[in-house]
Participant: 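Dropping the structure in here first, questions after.
Small disclaimer: the values here were computed from a predicted structure and weren't measured.
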Amino acid sequence: MAECPRLLVADIGGTNARFAIVEDDGDPGAPVSLACDDFPDLVDTVGAGLRLLAPRAPPRAAAIAVAAPITGDRVVLTNRGEWRFSARAAAGALGLDRLTVVNDLCALALALPVLGRADWTPLGPGPSNGADGAPQAVLGPGTGLGTAAVVPSGEGWVPVAGEGGHVTLAATDDRQAALIRQIRDSGARATPDRLVSGPGLARIHAALAAIDGVDGVPHQAQDIAAGACPYCVETVALFACLLGALAGDLALTYGARGGVYVGGGVVPKLGVAFPGDLFRREFEAKGRFAEYVAAIPTRLITHPHATLIGAGQAFGRIGAGLVHVVS
């Protein structure tokens, strides 16, 4: 991270926004959280976060992780499309001399090399350690689903941003194929962002009941996690299988022999209801490459503010998945 005595870091998703101040020691201080629904746009949200933090002096630099593809100065949040902004204009409105805007999963990927063993827990059975110096990948089911990776270079770790949440979701058995057909017949495209996410739990539940011709009360994520009905239990199992298969695909795509990490808020909220064995079974179900992925650890990020750490790591960088402006 570029030297900066006081840096505002932010993690702005589709539902919540979190803020902290990075002081001289490089670690984010105690964060504050706001609901995105309470604000009309990103600039107002960041301003409110700063007022809550009440730093001893206004920061002149910031790194903001957002749930959106970063392809230039103009940014549109994926699952909050009314929030669109210019990075340069946002820097001016917030009184910043320097501003880095980074994709949230890109920021999370940048945190991976600096997280310690206390910041993650194994997800499903599998090896304890990955290959030293190998790429690492992360996927984060939350309001939507994002993906990213970091790869080693001669100058540290380089993030690889992507939009893996919007690939075409593949079925690995007949029940999954029926689910995807049901989603498609409803006029939607079956993607990880749509199904392997917090809102996706309710969509899976409703689709399974519709497939079987069962009329019932719609269940939300908290009911599904509690196993309120047989379809709730099946929904969580199917969610774990889809997530595991997608994680295995990322391991193959990025050659992520250093480990595949799961972030986001959904899996921690499912807690003991999440079947790690099913996740890992689908992660390794890669035919001729089953042995390859079986050697890769899968981990659940438990650090509550890993994306804020990654945003700090992203500050001052220029590259894919981020933009840095200097006023």
Side-chain angles (χ1 to χ4, degrees), residues 13-15 67-69 78-79 103-105 108-109 123-124 137-149 161-173 175-184 186 188-211 219-225 231-254 256 260-271 273-286 293 298-301 307:
T15 303
T78 301
N79 290 307
N103 170 266
D104 60 342
L105 264 292
L108 189 54
L123 188 59
V138 62
L139 63 167
T143 305
L145 184 139
T147 63
E163 288 297 327
H166 301 278
V167 301
T168 301
L169 196 61
T172 61
D173 60 30
R175 189 64 161 170
Q176 291 180 25
L179 168 68
I180 289 172
R181 188 179 308 111
Q182 178 69 27
I183 297 298
R184 187 175 62 243
S186 73
R189 181 166 169 258
T191 66
D193 188 82
R194 185 175 297 278
L195 292 176
V196 194
S197 61
L201 287 167
R203 295 184 182 117
I204 293 172
H205 184 279
L208 292 177
I211 291 166
H219 285 73
Q220 298 306 309
Q222 61 269 26
D223 303 315
I224 293 168
Y231 285 111
C232 293
V233 176
E234 185 183 6
T235 292
V236 174
L238 208 157
F239 176 92
C241 290
L242 292 172
L243 183 63
L246 181 61
D249 289 345
L250 285 186
L252 293 174
T253 300
Y254 288 121
V260 176
Y261 292 75
V262 173
V266 177
V267 176
K269 287 180 180 177
L270 289 173
F274 183 84
D277 55 339
L278 294 183
F279 167 88
R280 186 71 197 191
R281 184 194 72 190
E282 293 302 306
F283 178 83
E284 295 184 9
K286 299 301 178 187
V293 293
T298 47
R299 297 163 175 167
L300 175 67
I301 297 172
T307 303

Participant: Val138 versus Ile301: any side-chain heavy-atom pair under 4.5 Å?
Facilitator: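 Yes, close enough: below the 4.5 Å cut-off.
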Participant: So, for Gln182 and Ala207, which heavy atoms are closest and what is the spacing to 0.1 Å?
Facilitator: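 Closest approach of Gln182 to Ala207: CG-CB, 3.8 Å.
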Participant: Given 3.5 Å as the limit, does a donor-acceptor pair link the side chain of Arg189 with the main chain of Arg194, or not?
Facilitator: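 Side chain of Arg189 to backbone of Arg194: no pair is present.
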Participant: Could you give me the CA-CA distance, side-chain angles and deciding distance for Leu145 and Leu246, then say whether side chain to side chain contact (heavy atoms under 4.5 Å, CB included) is met?
Facilitator: CA-CA 11 Å; Leu145 184 139; Leu246 181 61; 3.8 Å; yes
Participant: What distance do Glu284 atom CD and Thr298 atom OG1 have between them, rounded to the nearest 0.5 Å?
Facilitator: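 Going from CD on Glu284 over to OG1 on Thr298, the span is 8.0 Å.
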Participant: Look only at the side chain of Thr235 and the backbone of Leu201, and say whether a donor-acceptor pair between them is shorter than 3.5 Å.
Facilitator: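 Such a contact is absent between Thr235 side chain and Leu201 backbone.
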Participant: Could you walk me through whether Leu242 and Ile204 pass side chain to side chain contact (heavy atoms under 4.5 Å, CB included), step by step?
Facilitator: CA-CA 11 Å; Leu242 292 172; Ile204 293 172; 4.3 Å; yes
Participant: Under 4.5 Å between any side-chain heavy atoms of Asp193 and Asn79, yes or no?
Facilitator: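 Contact flag for Asp193/Asn79 side chains = yes.
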Participant: Using every non-hydrogen atom in the two residues, find where Arg281 and Cys241 come nearest and quote the distance to one decimal.
Facilitator: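 That closest heavy-atom pairing would be NH2-SG, 3.7 Å.
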Participant: Are Arg175 and Ile211 close enough, and set up right, to give a side chain to side chain contact (heavy atoms under 4.5 Å, CB included), and what steps lead you there?
Facilitator: CA-CA 9 Å; Arg175 189 64 161 170; Ile211 291 166; 3.8 Å; yes
Participant: Calculate, to the nearest 0.5 Å, the distance between atoms CD and CG belonging to Glu282 and Leu238 respectively.
Facilitator: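 That separation rounds to 9.5 Å.
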Participant: Which residues pass the side chain to side chain contact (heavy atoms under 4.5 Å, CB included) test with Ala251, sequence neighbours left out?
Facilitator: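 With neighbours one apart ignored, the set is Val260, Phe283, Val293, Ile296.
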Participant: Minimum heavy-atom separation for Gln220 to Ala202, with atom names?
Facilitator: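 Result for this residue pair: OE1-CB, 4.3 Å.
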Participant: Could you walk me through whether Leu243 and Val267 satisfy the side chain to side chain contact (heavy atoms under 4.5 Å, CB included) test, starting with their C-alpha distance in whole Å, then the side-chain angles of each, then the deciding distance to 0.1 Å, before giving a yes or no?
Facilitator: CA-CA 10 Å; Leu243 183 63; Val267 176; 3.8 Å; yes
Participant: May I ask you to decide if the ring planes of Tyr231 and His205 are parallel, tilted or perpendicular, using 30° and 60° as cut-offs?
Facilitator: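 Ring orientation of Tyr231 relative to His205: perpendicular.
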Participant: If I compare all heavy atoms of Ala148 with all of Ala109, which pair ends up nearest, and what's the gap?
Facilitator: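 Answer, listing the atom of Ala148 first, then Ala109: CB-CB, 3.9 Å.
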Participant: Give me the atom names and distance for the closest heavy-atom approach of Ser197 to Gly144.
Facilitator: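 Where Ser197 meets Gly144 most closely, the heavy atoms are CB-O, 3.6 Å.
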Participant: Count the heavy atoms of every other residue, nucleotide or ligand shown that sit under 6.0 Å from NZ of Lys286, and state whether that count exceeds 12.
Facilitator: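 Enclosed.
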Participant: Do you know which two heavy atoms are closest between Gly165 and Pro192, and how far apart they sit?
Facilitator: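 So the minimum-distance heavy-atom pair works out to O-CD, 3.3 Å.
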Participant: CG/Leu108 to OG1/Thr307 distance, rounded to the nearest 0.5 angstrom?
Facilitator: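 Atom-to-atom, Leu108:CG and Thr307:OG1 are 4.5 Å apart.
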Participant: Please verify the inter-ring angle class for Phe274 with Phe239; under 30° counts as parallel, over 60° as perpendicular, anything in between as tilted.
Facilitator: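 Plane angle over 60°, so perpendicular.
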